[in-house]
Amino acid sequence: MDVVRSERRGAVALVTLNRPQALNALDVATLEAIATRVGEVARDPGVRALVLTGEGRAFAAGADIAAMRPFGAVEAGEFSRLGHRAFAALENLGVPTIAAVNGYALGGGCELACACDWIYASAKARFGQPEVNLGIVPGFGGTSRLVRRVGVAWAKEIVLTGEMIDADLALRIGLANRLFAPEELLEKAIAAAEAVAAKGPLAVAAAKRVIQHGQDADAHVANVLEQEAFAAAFATEDRAEGMTAFLDKRAPVFKGR
Ligand code: COA
């Protein structure tokens with residue numbers, strides 16, 4: 001049984017964490033499988049968007065506590081670096097990624113969702129960084145990506161208290177972009193992914209890159225990155241097609257060239 005499944009829905013890759021008996025807890029094999037699935041998507045020019053979700057009642061209930069219990073500092077460091085590598089690969093994918101958070105997104109699960117471009121959540125979702133309950137700190141981006149997503153004060157409250165927050169609060173603080181009824185979540189996430197998949201893929205990838213790197217740069221550098229990306233877009237066949245199709249009053253056919 002694959003601990004992380006991947007299937008194609010047209011131009012959308014649907015990636016599903018598949019250890020429901022452990023609430024999709026993240027062990028070494030699962031983190032490696034995430035990296036493998038992301039690598040497959042990166043190499044497949046037919047995939048234009050990715051939706052990530054969890055099988056069963058959790059998105060992911062965090063790093064696997066049973067697997068971590070025997071770790072010393074060396075093993076913990078390797079584990080943290082593996083998680084960071086896998087999540088950075090996801091974050092840096094050229095196609096948009098949507099986390100469809102169907103249940104618990106705790107610890108590494110919340111960090112995994114934050115490595116996606118945005119989060120759609122089931123009304124049943126629960127988010128949190130419970131590491132302090134175990135005497136540890138977040139290890140897969142909870143002190144960095146979560147801060148960028150919700151701001152310092154909310155990130156501190158979530159990380160330092162270790163308390164779970166519900167879907168409504170996640171929506172209010174901008175952790176989740178939208179909430180859906182549980183039975184609607186996946187179809188809404190796939191529909192959103194399909195909608196982005198129909199746009200010019202080079203433009204989508206460039207816009208994602210500029211936002212991603214621009215937020216870590218100062219405002220001047222961020223604006224220069226945007227100017228360069230804007231200019232580069234005019235060298236693509238897609239932009240000629242997009243503008244011509246608009247003026248011809250027809251739908252564009254983008255080729256990613
Ligand atoms: N690591 C390893 N196993 C986990 C896990 C984790 N992070 N989270 C859940 N599981 C396992 C449980 O041990 C249990 O296994 P078992 O059936 O063999 O006993 C199974 O998943 C179901 O979890 P359970 O705790 O029985 O479900 P629940 O509905 O009572 O509680 C949670 C759900 C999410 C509140 C609870 O599982 C939990 O607090 N998990 C840990 C969250 C955490 O601290 N994550 C951060 C780790 S750094």
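Every number for a ligand or one of its atoms is a count from 1 in the order of the listing.
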Near Gln21 (heavy-atom distance under 4.0 Å), the atoms of ligand 1 are 20 (C), 21 (O)

Which protein heavy atom lies closest to atom 23 (O) of ligand 1, and at what distance to 0.1 Å?
Leu23 CD1, 3.6 Å

Heavy-atom side-chain contact between Pro201 and Asp238 under 4.5 Å
yes

Give a yes or no on whether the ring-centroid distance for Phe180 and Tyr120 is below 6.0 angstrom.
yes

Considering only the protein, which heavy-atom contact is closest to atom 11 (C) of ligand 1, and what is its distance?
Ala22 CA, 4.0 Å

For atom CD of Glu226, decide whether the heavy atoms of other residues, nucleotides or ligands shown that lie under 6.0 angstrom number more than 12.
no

For atom 24 (P) of ligand 1, what's the nearest protein heavy-atom neighbour? Residue, atom name and distance, please.
Arg57 NH2, 4.2 Å

Closer than 4.0 Å to some heavy atom of Ala25 - which atoms of ligand 1 meet that?
1 (N), 2 (C), 6 (C)

Against heavy atoms of Met164, which atoms of ligand 1 measure under 4.0 Å?
35 (C)

Gln129 side chain reached by Leu106 side chain, heavy atoms, under 4.5 Å
no

Looking only at protein heavy atoms, what sits closest to atom 1 (N) of ligand 1 is Ile65 N, 2.9 Å

Near Pro130, which atoms of ligand 1 are under 4.0 Å from a heavy atom of that residue?
43 (C), 44 (O), 45 (N), 46 (C)

If you scan protein heavy atoms around atom 31 (O) of ligand 1, the nearest is Tyr104 OH, 4.4 Å

Which of the numbered atoms in ligand 1 are under 4.0 angstrom from any heavy atom belonging to Leu134?
44 (O), 47 (C), 48 (S)

Membership question, hydrophobic clusters at under 4.5 Å side-chain separation (ILVMFWY): are Leu134 and Leu160 in the same one?
yes

Closest to atom 45 (N) of ligand 1 among protein heavy atoms sits Ala61 O, 2.9 Å

Take atom CZ in Phe71; do more than 12 heavy atoms of anything else shown fall under 6.0 Å from it?
yes

At less than 4.0 angstrom from any non-hydrogen atom of Leu106, what atoms of ligand 1 do you find?
34 (C), 42 (C)

Do the side chains of Val28 and Leu17 join up, straight or via other hydrophobic residues, at under 4.5 Å, putting them in one cluster?
yes

Only heavy atoms of Glu131, strictly under 4.0 Å: list the atoms of ligand 1 that pass.
48 (S)

